[in-house]
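Okay, so here's the structure we're looking at.
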There are 2 protein chains.
Amino acid sequence: MAVFLSTYVNKVDRKGRVSIPAQFRQSLAKTSAPSTVYLWPSLNHQALEGADQDYLDVLSESLESPDLDADERDMIETFIFGKLIPVSSDAEGRIVLPKELAEFAGISEEAAFIGRRKTFQIWEPDALKAHEAALREQVVRKDISLSQIVAKASRAAAGRSGEGA
Amino acid sequence: MAVFLSTYVNKVDRKGRVSIPAQFRQSLAKTSAPSTVYLWPSLNHQALEGADQDYLDVLSESLESPDLDADERDMIETFIFGKLIPVSSDAEGRIVLPKELAEFAGISEEAAFIGRRKTFQIWEPDALKAHEAALREQVVRKDISLSQIVAKASRAAAGRSGEGA
DNA sequence: TGCCGTCCCATGCTATCCCAAGAATGCCCA
DNA sequence: TGGGCATTCTTGGGATAGCATGGGACGGCA
C-alpha cells in the first residue's frame, strides 16, 4: 500500500486537471493499480480524500465485518462508495478533478495535496491554512506533544500483548 | 461480480429510457450476463435496487443456508425475488425503467444512480439529496469518522482471527 | 388495425489522448 | 566551490473518441 507524505500545491488548469505530486506517483507505482487513485469527499472536512486501490480493498473488506452496525455500514456505502470516483492519471501523471468534488472542496485555481500516510487529502490552499491554524491552536490549548503520544501508544501496545500471552 | 461506485444523474426520456452510467456498464461487461441488470424496489427506501446476474446467484444460494430463519427467507423471497424485474439494455447501453418501479421511486425526469459496491440504487435526485442530508446529520451527531470505522473493523477482524487460532 | 415496445441512426457535448514547452531541480565537471 | 548541463516535473493547448440523449422506423401483440 502506498505511503503519502508532505504537502504539495499544484495548479488546476481550466480543464480541471492537476498533477499528482511526483512523490505520490512514485509511491503509487508500487501498488496494484498505479495509474488509478480514488477520490471522495471527506466526511469531516470541506476537503477531498484520496487513496490507492489497495487501501480501498482493505476498506471494502472491513465492511464485511459483522461487527459494524447497519447504520455505519449504510453510511459508509452511501458516503464513501457512493461518492467514490476512480480517476486515472494521464501519461503526464495528471488527474481530472471531478466537478462536484472540486466544488465540494472549493477548489478552483490551486489544489494542495497533503499526505496522511495511507491516504491523502486535497484542499483549497487557503482552507488548508485555516484548518492547520485551528488545529495548531488545539495543540497549544491541550498541551499535546509528540513524545507524549508515542509513549502513550507504546504503553497501550505493551498492555495488549501482555493480555494476549 | 461487478463493482459499482460513484453517483451519476442521467435523464429519463419520454419513453422511460435511461442510460446506464458508462462506468457501471464497464463493470457489468465482466459479468456472466453483461446486458442484463435486475431491478427491485428497495426494502428500506423509496428507491430502486439493482444488481447483476452474479450477485443474484449468490443471494439465491445464500437462501439455501440453514442458518436463515424462516421469516427472513420468506421476506427475501417475497420482496426481492417476488418483485425482481430483469431489464436488458439496448445497443446504446440504455434500459427502460419499468413503470411500476419508476412510480415507486417517484422517478420521472431524472434518475440518480448511486453505486453501493456490489449493488446500486436508483433514486429520484431530490429524494436522494434529502436522504443524504439525513444521513449526514447522523455522521455529525454520532461524530463518525472513516478512520474510526476502519480501525474498529480491523480490530474486530483481528479479534476473530485470534479466537480461531 | 392501432398501440406499444424495440431497434436503428443521428448529434452535441464531454472527457481522454497526444504533442509540446517552460521551469525547477539535481548532477557533473572544471 | 561555482557554473553549466541534463533530467524530471509541471503546465498548456489541440485533436480525437466515447458517451448521453433525442427522434424516427420497424415489428409484434392485442
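Quick caveat: nothing in here was measured; it's all calculated off a predicted structure. Chain identifiers are assigned alphabetically (A, B, ...) following the order of the sequence lines, protein sequences preceding nucleic acid strands; residue numbering begins at 1 within each chain.
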Q | Along DNA chain C (nearest heavy atom to each residue), the more 5'-positioned of E92(B) and K15(B) | A | K15(B)
Q: Taking only the side-chain nitrogens and oxygens of Q23(A), find out if one of them lies under 4.0 Å from OP1 or OP2 of dT8(D).
A: no
Q | Salt bridge present between D74(A) and R116(B) (N-O < 4.0 angstrom) | A | yes
Q) With respect to the side chain of A22(A), which nucleotide from dT10(D), dT6(C), dT21(D) is positioned closest? A) dT10(D)
Q. Atom CG of D90(B) to atom P of dA10(C): distance rounded to whole Å?
A. 16 Å
Q) Between I95(B) (CD1) and dT6(C) (P), how many Å, whole number? A) 12 Å
Q.
On DNA chain D, compare the nucleotides closest to R94(A) and R17(B); which residue's is nearer the 5' end?
A. R94(A)
Q: Kindly indicate, with the supporting measurements, whether the criterion side-chain contact (heavy atoms from CB on, under 4.5 Å) is fulfilled by E77(A) and L63(A).
A: CA-CA 9 Å; E77(A) 297 217 335; L63(A) 271 195; 3.9 Å; yes
Q: Specify the separation, in whole Å, of atom CD1 of I20(A) and atom C1' of dT8(D).
A: 16 Å
Q: Step by step, work out the ring-ring contact (aromatic ring centres under 6.0 Å, His included) result for Y8(B) and F113(B).
A: CA-CA 5 Å; Y8(B) 304 87; F113(B) 290 74; 8.0 Å; no
Q.
How many whole angstroms separate atom CG of D13(A) from atom C1' of dA23(C)?
A. 17 Å
Q. R25(B) side chain: which of dT21(D), dG13(D), dC19(D) is closest?
A. dC19(D)
Q) Which whole-number value in Å describes the distance from E109(B) CD to dT21(D) C1'? A) 14 Å
Q. Within this structure, what is the CG-to-P distance between L28(A) and dC9(D), rounded to whole angstrom?
A. 13 Å
Q: Report the distance from atom NZ of K11(B) to atom P of dC13(C), rounded to the nearest whole Å.
A: 12 Å
Q | Between P of dC19(D) and CZ of F113(B), the distance in whole Å | A | 15 Å
Q: Look at E92(A) together with R17(A) and state whether they make a salt bridge at an N to O cut-off of under 4.0 Å.
A: no
